[in-house]
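What follows is a set of notes on a single structure, which appears directly below.
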Amino acid sequence: MKSIRLRLDVSYDGADFSGWAVQPGRRTVAGVLVEALGRLVGVDTALGLTVAGRTDAGVHASGQVCHVDLPLDAWEQLESSLLRRLAALMPGDARVKAIAPVPETFDARFSATYRRYEYRVADTVWGPEPLRRHDTIHWVRPLDVDRLSAASYGLTGEHDYAAYCKRKEHATTVRAITSLDWRRDPDGVVVATVQADAFCQSMVRSLVGALLAVGDGRRDPGWPSTLLTLSERSSAVTVAPAHGLTLIAVGYPDESDYAVRAEATRRLRA
């Protein structure tokens, strides 16, 4: 049976999800997406759902990307209506925003060149605005953006981030952070934007947790980078709450480079 590979651009409010990956007895983003696709094309017909980044429980996404293979005849029947039908079947806290055919060499996970996240922190006395309470944490100590920026500088580049990762057996913790910036928006919220080729589990939240300790004056700006000398997770790092984190973008090379990028990434992560 001929199949076609589709790229899906997805967004979700992670507050009521137990993360992305399907888990028995738990409500997950992949679970509701697979269920909706199954109702449209038949159970077990949507194959190989692969995501750019498996977000943890409570983490949000406005720019998540995944791919799935559908039978070609099903796609030909549903092409003009699939997006609308998924909107009718999926819950309000998860949306497929775009669907497009891609070459079979496209791999949402391994073809990606970067992932970009934002982390939102309200350090006002009253906390986050009620409408942003799901994606913004409350920090009870005032934050200094200059201190946050100074501490972040030493964390960029290619390093072993073992001190900031939950290690997986036979998996490397070497990553390349291309940018880690802080700003204070007009509404007073402090926002971190971090981009890397990839992140290991809890890495962004661990980085933010360490940097917030600098931003509120409890640690020196040079402290977070000293942890890069460690070969295991640091007990001194507090993992920041999940709900402040949002995956906002995933980048990919030109179509002709999908396979090359995927193969290089697999070699690097092995």
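Residue numbers count from 1 along this sequence. If you're wondering where the values come from, they're calculated on a predicted model, not measured in any experiment.
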Quick one: closest heavy-atom pair of [X] and [Y], and the distance?
X	Y	value
S111	A262	OG-CB, 3.8 Å
G127	H138	CA-CD2, 3.4 Å
A36	L86	CB-CD2, 3.8 Å
G209	A240	N-CB, 4.0 Å
Y258	T105	CB-O, 3.5 Å
G217	R147	CA-NH2, 3.8 Å

Would you mind reporting whether [Y] and [X] have side-chain heavy atoms less than 4.5 Å apart?
X	Y	answer
T55	Y117	yes
D197	I177	no
V41	W75	no
L6	F106	no
Q195	T156	no
Y164	P224	yes
D56	R205	yes
V65	L8	no

Assess whether side chain to side chain contact (heavy atoms under 4.5 Å, CB included) is satisfied between R109 and V51, documenting all intermediate values. CA-CA 6 Å; R109 178 186 177 190; V51 71; over 6 Å; no
Result of checking V10, V96, T50, V250 against C66 for side-chain contact (heavy atoms from CB on, under 4.5 Å):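 Testing C66 for a side-chain contact (heavy atoms from CB on, under 4.5 Å) against V10, V96, T50, V250 leaves exactly one candidate, V10.
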Name of the residue among T28, V59, L33 meeting side-chain contact (heavy atoms from CB on, under 4.5 Å) with W20: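 Of T28, V59, L33, side-chain contact (heavy atoms from CB on, under 4.5 Å) with W20 is met by L33 alone.
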Within a 6.0 Å radius of atom [atom1] on [X], are there more than 12 heavy atoms belonging to other residues, nucleotides or ligands?
X	atom1	answer
K166	NZ	no
D73	CG	yes
R39	CZ	no
E129	CD	no
E79	CD	yes
R27	CZ	yes

Is [X] salt-bridged to [Y], cutoff N-O under 4.0 Å?
X	Y	result
E76	K2	no
D216	R218	yes
R184	D123	yes
D69	R5	yes
R175	D160	no
D107	R266	yes

Take L211 and V208 through the side chain to side chain contact (heavy atoms under 4.5 Å, CB included) test and state the conclusion after the steps. CA-CA 5 Å; L211 290 167; V208 170; 5.7 Å; no
Cluster overlap [X] with [Y], hydrophobic side-chain contacts below 4.5 Å:
X	Y	value
Y114	L180	no
I248	V194	no
V204	V191	no
Y161	V239	no
L230	L228	yes

Counting only N and O atoms by type, is there a donor-acceptor contact under 3.5 Å from the side chain of [X] to the main-chain atoms of [Y]?
X	Y	result
S11	S62	no
T136	R133	no
R7	A108	no
D13	A15	yes

Between [atom1] on residue [X] and [atom2] on residue [Y], distance to nearest 0.5 Å:
X	Y	atom1	atom2	value
L70	L40	CG	CG	9.5 Å
H243	D135	NE2	CG	8.0 Å
D144	W182	CG	CH2	11.5 Å
D9	L83	CG	CG	10.0 Å
I99	L82	CD1	CG	3.5 Å
L245	R120	CG	CZ	12.5 Å

Just checking, is any N or O donor in the side chain of S81 or R85 under 3.5 Å from an acceptor N or O on the other one?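 On atom types as modelled, these side chains qualify, holding a pair under 3.5 Å.
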Please walk me through it: do R183 and T193 pass side-chain hydrogen bond (donor to acceptor under 3.5 Å, both in side chains)? CA-CA 8 Å; R183 69 179 189 272; T193 304; 3.3 Å; yes
Worked verdict on S206 versus R233 for side chain to side chain contact (heavy atoms under 4.5 Å, CB included): CA-CA 10 Å; S206 296; R233 184 170 179 79; 3.1 Å; yes
Here's a test for you: under side chain to side chain donor-acceptor pair (under 3.5 Å), which of R95, Q64, H60 qualifies with Y12? Q64
Please step through side chain to side chain contact (heavy atoms under 4.5 Å, CB included) for the pair L207 and L155, ending with a clear verdict. CA-CA 9 Å; L207 290 168; L155 294 173; 3.9 Å; yes
